[in-house]
Asker: 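One structure is given below, represented as structure tokens, and several questions about it will come after.
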Number of protein chains: 2
Amino acid sequence: MNDTYEPPVLTVDSVIFQLLDNKLAVLLIQRTNEPFKDQWALPGGYSAAGETTREAMARVLSAKAGLQVKDLRFIEQLYTFDTVARDPRGHAVSVTYMGLSINLKPLVSENTQKPTFFSLDKLPELAYDHADIVHYALERLRSKITYTNAVHAFLPTSFTLTQLQVAYEAILGHSLDKRNFRKKIGATGLIKPTEKYYQEGAHRPARLYRFKNQTPQESVPIFG
Amino acid sequence: MNDTYEPPVLTVDSVIFQLLDNKLAVLLIQRTNEPFKDQWALPGGYSAAGETTREAMARVLSAKAGLQVKDLRFIEQLYTFDTVARDPRGHAVSVTYMGLSINLKPLVSENTQKPTFFSLDKLPELAYDHADIVHYALERLRSKITYTNAVHAFLPTSFTLTQLQVAYEAILGHSLDKRNFRKKIGATGLIKPTEKYYQEGAHRPARLYRFKNQTPQESVPIFG
DNA sequence: ACAAAAGTGTTAAGAATACACCCATGT
DNA sequence: ACATGGGTGTATTCTTAACACTTTTGT
């Protein structure tokens, strides 16, 4: 390495998913500056020397969306994009992350950039190559929930089997057979029944279940 | 973004695999500078502004190992590591790539850094967190060959079914049943028979096959 | 004729799919 | 009593896994 070394600009972009109204939704902010001024985009920003890209992601999420990274129940690095010229000053490299959680309430104020969760089937046009990044994240998520306990991030600590199935269906984008679903989810050993029931409406109460682990766990493949 | 922005140091590291002597082997170089002077490491180096990380990878491979990236038959980005302090000057971010090919001959000269292919079961101690990176790459490779045509990168354009099976076994690290292997590989539709045979030794000649596509293709999962 | 690798099919077990009725509750 | 979502089992098809002998060639 010589003394004239100039590193490229490094940025981070986050794809934050949660379920809203039984649909998968992604967090977007509205840009306040050029390029793509006023367009919707993933929350992202610069990563500086002396912080990890995860730390940069935390800082950016807090600044642009008023969300704390500690409220995310699953975080995973996705991919590093470096083909798009995102900054007029030249070549930029963007490390992307996927975050999953429940009950996220982005803070809309004059300090943030109109952070809003959009249902995946009603996405606005996105800045940069962010539509590609969302697509990539969705593929990863779909694949991830078929061999890990990653859905746990979308559900309360205890939940009914119907809630769990609805979560899978929202993410996978198609419906599942109730009996086969219960058979397979039981076979994974990822969840356990509790002694509690959830009563709502004029019908039989539903047994509540929990995930045995909140930390990432592998399992046998489930649900094509 | 303000004027005091300082990007972190950006590096690339490559995990280059090929089969040698029916075993999976990885390319290492011997470091000539501190830190980890004289230790074996993955070929890596700085990525500068104005080049993509792929271009940086090509430059570094050529400089340190005398290999041309156009001779790689499969390249894929793996993961971006940014937790290891690899440079005394501070925090560094490393984008890693996996490359696969056949008949790679690294150039050992005074300009390169003793580039050598090591069988995976005889790896020396590696600098930095490079053992982790190799392990990560191996997992990715094992998974990749079970649902894509990625093995094609390790084989000549036409090959026998036994050669193909030996390649799978070398990568997966365990042996496979010959009849079941042929049944499954046939079912993927990834390969097609040619009219040629390969004669070697005092036994029945083996039919030669080709991959239908050299470009990345998905298929049904094969070979646990 | 023998040695050496190529080639080929069947059976059994397990996994995936399709499918319909009874249960517990509130009104 | 009825409406609503919760809960359960079986039969069929498909997939996987285990396993051994015949074929073609060179010497």
Side-chain angles (χ1 to χ4, degrees), chain A residues 19 21-22 142-143 145-148 151 155-156 158-170 172-210 218-224, chain B residues 19 21-22 142-143 145-147 155-156 158-170 172-210 218-224:
Chain A
L19 294 181
D21 202 16
N22 286 341
R142 284 180 171 160
S143 135
I145 61 164
T146 67
Y147 65 93
T148 71
V151 241
L155 292 165
S158 56
F159 49 84
T160 69
L161 292 180
T162 299
Q163 284 178 291
L164 182 59
Q165 181 175 344
V166 164
Y168 269 100
E169 289 175 337
L172 294 176
H174 57 83
S175 58
L176 299 165
D177 178 87
K178 182 163 64 162
R179 280 175 289 188
N180 293 338
F181 176 83
R182 288 167 184 230
K183 214 183 305 171
K184 290 194 91 179
I185 206 78
T188 64
L190 292 176
I191 65 170
K192 61 181 180 199
T194 70
E195 295 309 310
K196 303 223 172 107
Y197 290 83
Y198 176 68
Q199 174 66 56
E200 178 227 39
H203 54 83
R204 181 171 173 174
R207 174 156 232 147
L208 289 167
Y209 288 76
R210 284 169 180 262
E218 303 267 320
S219 80
V220 289
I222 36 181
F223 320 124
Chain B
L19 294 180
D21 202 15
N22 285 342
R142 283 180 172 159
S143 135
I145 61 165
T146 67
Y147 65 91
L155 293 165
S158 53
F159 51 85
T160 68
L161 292 180
T162 300
Q163 285 178 289
L164 182 60
Q165 183 176 342
V166 164
Y168 269 99
E169 291 175 336
L172 295 176
H174 58 83
S175 59
L176 298 165
D177 178 87
K178 181 161 65 161
R179 281 174 291 187
N180 292 337
F181 176 83
R182 287 168 185 230
K183 215 182 303 171
K184 288 193 92 177
I185 206 77
T188 65
L190 292 175
I191 65 170
K192 62 182 179 198
T194 70
E195 295 308 309
K196 303 223 173 107
Y197 291 83
Y198 176 68
Q199 174 67 57
E200 178 228 39
H203 55 84
R204 180 169 174 177
R207 176 156 230 147
L208 289 166
Y209 288 75
R210 284 168 181 265
E218 303 267 322
S219 81
V220 288
I222 35 181
F223 319 125

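Just so it is clear: chains get the letters A, B, ... in the order the sequence lines come, proteins before strands, and each one is counted from 1.
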Asker: A:K178 NZ to D:dT4 C1': how many Å, rounded?
Answerer: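 A:K178 atom NZ is separated from D:dT4 atom C1' by 11 Å.
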Asker: Quick one: label A:Q199 by what it contacts on the DNA or RNA (base, sugar-phosphate, nothing), any heavy atom closer than 4.0 Å.
Answerer: sugar-phosphate
Asker: On DNA chain C, does the nearest nucleotide to B:D177 precede the nearest nucleotide to A:G201 from the 5' side, or the other way round? Give the residue.
Answerer: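 That would be B:D177.
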Asker: With a 4.5 Å cut-off on side-chain heavy atoms, are A:R207 and A:K196 touching?
Answerer: no
Asker: How close or far is atom P of C:dA6 from atom CG of B:L164, stated in whole angstroms?
Answerer: 12 Å
Asker: Output yes when a side-chain donor or acceptor of B:T160 lies under 3.5 Å from a complementary backbone atom of B:A206, and no otherwise.
Answerer: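 No: the side chain of B:T160 does not pair with the backbone of B:A206.
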Asker: Starting at atom CZ of B:R207, determine the distance to atom P of C:dT8, rounded to an integer number of angstrom.
Answerer: 9 Å
Asker: Classify the side chain of A:R179 and the base of C:dA20 as holding, or not holding, a donor-acceptor pair under 3.5 Å.
Answerer: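 A donor-acceptor contact between them is present.
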Asker: Under 3.5 Å, is there a donor-acceptor pair between the side chain of A:Q163 and the main chain of A:Q165?
Answerer: no
Asker: Going by the rule ring-ring contact (aromatic ring centres under 6.0 Å, His included), which residues pair with A:F159 if we only count those two or more places apart in sequence or in a different chain?
Answerer: A:F211
Asker: Verify the contact: side-chain N or O of B:T162 to OP1 or OP2 of C:dA5, cut-off strictly under 4.0 Å; return yes or no.
Answerer: no
Asker: Pick out the pairs of N or O atoms, protein on one side and nucleotides 10-15 of chain D on the other, that lie under 3.5 Å.
Answerer:
residue	atom	partner	partner atom	Å
D:dT10	O4	A:K183	NZ	3.0

Asker: Are B:L208 and B:Y197 packed together at the side-chain level, in the sense that at least one heavy-atom pair is separated by less than 4.5 angstrom?
Answerer: no
Asker: From NE2 of B:H203 over to P of C:dA4, roughly how many Å is that when rounded to an integer?
Answerer: 10 Å
Asker: Could you state the atom-to-atom distance from CZ of B:R182 to C1' of D:dT16 in whole Å?
Answerer: 19 Å
Asker: Return the value, rounded to whole Å, for the distance between atom NZ of B:K184 and atom C1' of D:dA17.
Answerer: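 It is 10 Å, rounded to the nearest whole Å.
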Asker: Quick one: does any side-chain atom of A:Y198 pair with a main-chain N or O of A:S158 as donor and acceptor, under 3.5 Å?
Answerer: no
Asker: Could you tell me how far apart A:Y197 (OH) and C:dG26 (P) are, to the nearest whole angstrom?
Answerer: 15 Å
Asker: Are the side chain of B:Y168 and the backbone of B:I145 linked by a donor-acceptor contact shorter than 3.5 Å?
Answerer: yes
Asker: Tell me the interatomic distance from A:I185, atom CD1, to D:dG7, atom P, rounded to whole angstroms.
Answerer: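 Taking CD1 of A:I185 and P of D:dG7, I get 14 Å after rounding.
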